[in-house]
Amino acid sequence: VSALDLTESERRMREESDDALTDRVVKSFAGASSPRERAVLESLVRHLHGFIREATLTDDEWRAGIDFLTRTGHTTNECRQEFILLSDILGASMLTVRVNQTEDPAATDSTVFGPFYLSASPGIELGDALAQGAPGRPLFVRGTVCGPSGEPISGARLEVWGADEEGLYDVQHEGQRVANRGHLFADDSGNFTFWSIHPVAYSIPADGPVGELLRSAERSPMRPAHLHFVVSARGWRTLVTHLFVAGDRYLGSDAEFGVVDSLVVPFVEHPATEPPPGRHVDGPWSSVAYDFVLAPSADGLETAFGKLPTPL
Ligand SMILES: [Fe+2]
């Protein structure tokens with residue numbers, strides 16, 4: 001037996017014992033509370049071990065990873081969700097959206113949830129404004145909520161949030177201000193109208209560990225201009241999506257990989273001389289129209305996102 005063969009056989013033995021370790025860890029979760037939980041944990045362990053093996057992760061790299069995650073946790077608070085941001089810039093959020101996408105071809109596409117949702121938002125009436133003093137060009141939004149055959153979804157709930165003209169969400173400003181976010185309900189014919197703020201492209205928060213990671217890879221922190229929506233109604237799959245502003249220069253390089261062509265729509269700019277519908281506005285304004293199409297939910301109840309995550 002040559003030295004080379006011995007090394008080879010040693011290497012194989014070592015691999016076998018690494019595999020045995022992975023199997024032992026998988027088996028340790030055999031008592032998980034449901035078959036689904038067991039399957040998810042098994043997959044997590046196998047892929048995590050596979051990652052460590054494939055990258056031949058060093059002790060220093062393991063320590064740097066632990067330090068990174070620790071700082072990500074310390075950066076997260078009730079107004080800032082650095083873990084969602086991390087998931088977003090790794091494409092993990094968008095991949096989760098994609099593997100859960102409805103197969104109904106007529107339904108509106110989903111995209112990432114993002115880190116700036118708040119579970120408690122003010123309710124507004126149809127035609128009212130969300131801005132609450134947040135600066136920016138007024139944006140008139142109108143559309144319908146319907147099913148795949150065009151059937152109106154009466155009373156559908158729309159949760160809306162967006163950044164101001166500085167590219168910041170209310171939660172990123174000092175103080176407890178709630179602005180340019182809220183919820184409203186479509187009328188009996190599924191129609192809705194409201195006022196928001198013309199979205200601008202913005203940088204995701206870059207002063208934490210996620211920003212550090214982007215800089216080290218020379219990646220842009222910019223997201224193309226968009227407005228966030230969660231559209232829900234009993235009996236229909238909850239839709240988490242954005243409308244993106246057509247023509248934005250960052251559509252091809254979204255830091256969160258969230259752009260879907262079907263969600264890129266014209267936001268029409270109107271001069272001050274053109275009177276807007278149902279409200280006096282000083283200066284120029286914009287408008288966008290979009291019809292959201294929900295897919296029926298399999299069990300007739302709202303899907304998991306109907307119960308939105310507990311307060312961030
Ligand atoms: Fe956003």
Distance (rounded to the nearest 0.5 Å) between [X] [atom1] and [Y] [atom2]:
{"X": "His228", "Y": "Phe116", "atom1": "NE2", "atom2": "CZ", "answer": "8.0 Å"}
{"X": "Glu212", "Y": "Arg215", "atom1": "CD", "atom2": "CZ", "answer": "7.0 Å"}
{"X": "Phe83", "Y": "Leu69", "atom1": "CZ", "atom2": "CG", "answer": "5.5 Å"}
{"X": "Ser287", "Y": "His270", "atom1": "OG", "atom2": "NE2", "answer": "2.5 Å"}
{"X": "Leu21", "Y": "His49", "atom1": "CG", "atom2": "NE2", "answer": "5.5 Å"}
{"X": "Gln101", "Y": "Thr96", "atom1": "CD", "atom2": "OG1", "answer": "12.0 Å"}

Side chains of [X] and [Y]: does their closest heavy-atom pair fall under 4.5 Å?
{"X": "Trp195", "Y": "Val281", "value": "yes"}
{"X": "Val160", "Y": "Leu184", "value": "yes"}
{"X": "Trp161", "Y": "Val230", "value": "yes"}
{"X": "Glu269", "Y": "His198", "value": "yes"}
{"X": "Ile204", "Y": "Leu214", "value": "yes"}
{"X": "Thr108", "Y": "Leu263", "value": "yes"}
{"X": "Glu166", "Y": "Pro135", "value": "yes"}
{"X": "Ile124", "Y": "Leu130", "value": "yes"}

Taking [Y] as the starting point, is it possible to reach [X] by hopping between hydrophobic residues whose side chains are less than 4.5 Å apart?
{"X": "Phe140", "Y": "Val268", "value": "no"}
{"X": "Phe185", "Y": "Val293", "value": "no"}
{"X": "Val200", "Y": "Val171", "value": "no"}
{"X": "Phe229", "Y": "Phe267", "value": "yes"}
{"X": "Ile153", "Y": "Phe194", "value": "yes"}

Quick one: do [X] and [Y] make a salt bridge, cutoff under 4.0 Å?
{"X": "Arg80", "Y": "Asp207", "answer": "yes"}
{"X": "Arg63", "Y": "Asp67", "answer": "no"}
{"X": "Arg11", "Y": "Glu15", "answer": "yes"}

So which atom in [X] and which in [Y] form the shortest heavy-atom distance, rounded to 0.1 Å?
{"X": "Ala186", "Y": "Phe192", "result": "CA-CB, 4.4 Å"}
{"X": "Asn77", "Y": "Cys79", "result": "OD1-N, 2.8 Å"}
{"X": "Val178", "Y": "Pro122", "result": "CG1-CD, 3.6 Å"}
{"X": "Gly190", "Y": "Pro152", "result": "N-CB, 4.1 Å"}
{"X": "Asn191", "Y": "Leu126", "result": "O-CD2, 4.0 Å"}
{"X": "Glu165", "Y": "Gly136", "result": "OE1-CA, 3.5 Å"}

Sidechain-backbone polar pair: [X] side chain, [Y] backbone, donor-acceptor under 3.5 Å:
{"X": "Arg219", "Y": "Ala255", "value": "yes"}
{"X": "Ser216", "Y": "Leu213", "value": "yes"}
{"X": "Thr76", "Y": "Glu82", "value": "yes"}
{"X": "Asp291", "Y": "Thr144", "value": "yes"}
{"X": "Glu151", "Y": "Ser149", "value": "yes"}
{"X": "Asp248", "Y": "Ala225", "value": "yes"}
{"X": "Ser110", "Y": "Leu239", "value": "no"}
{"X": "Arg237", "Y": "Pro296", "value": "no"}
{"X": "Trp285", "Y": "Glu274", "value": "yes"}
{"X": "Thr241", "Y": "Asp109", "value": "yes"}

In terms of heavy-atom contacts, does [atom1] of [X] have more than 12 from other residues, nucleotides or ligands at under 6.0 Å?
{"X": "Arg279", "atom1": "CZ", "answer": "yes"}
{"X": "His173", "atom1": "NE2", "answer": "yes"}
{"X": "Arg142", "atom1": "CZ", "answer": "no"}

* Parallel, tilted or perpendicular: rings of Phe244 and His226 (30°, 60°) -> tilted
* side chain to side chain contact (heavy atoms under 4.5 Å, CB included) assessment of Asp282 paired with His280 -> CA-CA 7 Å; Asp282 288 320; His280 175 74; 2.9 Å; yes
* side chain to side chain donor-acceptor pair (under 3.5 Å) between His183 and Ser121: does it pass, once the steps are laid out? -> CA-CA 7 Å; His183 62 270; Ser121 76; 2.9 Å; yes
* Asked: Run the side chain to side chain contact (heavy atoms under 4.5 Å, CB included) check on Leu243 and Phe292 step by step: do they pass?
  -> CA-CA 10 Å; Leu243 294 181; Phe292 293 103; 4.3 Å; yes
* **Stepwise salt bridge (charged side-chain N to carboxylate O under 4.0 Å, His left out) test for Asp23 and Arg46** => CA-CA 8 Å; Asp23 289 340; Arg46 291 204 187 281; 3.1 Å; yes
* Asked: Does the side chain of Glu61 pick up a donor-acceptor pair with the side chain of Thr58 at under 3.5 Å?
  -> yes
* Might you work through the side chain to side chain contact (heavy atoms under 4.5 Å, CB included) test for Val240 and Val97, ending with a clear yes or no? => CA-CA 9 Å; Val240 176; Val97 166; over 6 Å; no
* **Intermediate values then yes/no, side chain to side chain contact (heavy atoms under 4.5 Å, CB included), Tyr202 and Leu168** => CA-CA 7 Å; Tyr202 65 80; Leu168 295 171; over 6 Å; no
* Run the salt bridge (charged side-chain N to carboxylate O under 4.0 Å, His left out) check on Arg223 and Asp88 step by step: do they pass? -> CA-CA 11 Å; Arg223 293 214 68 204; Asp88 291 351; over 6 Å; no
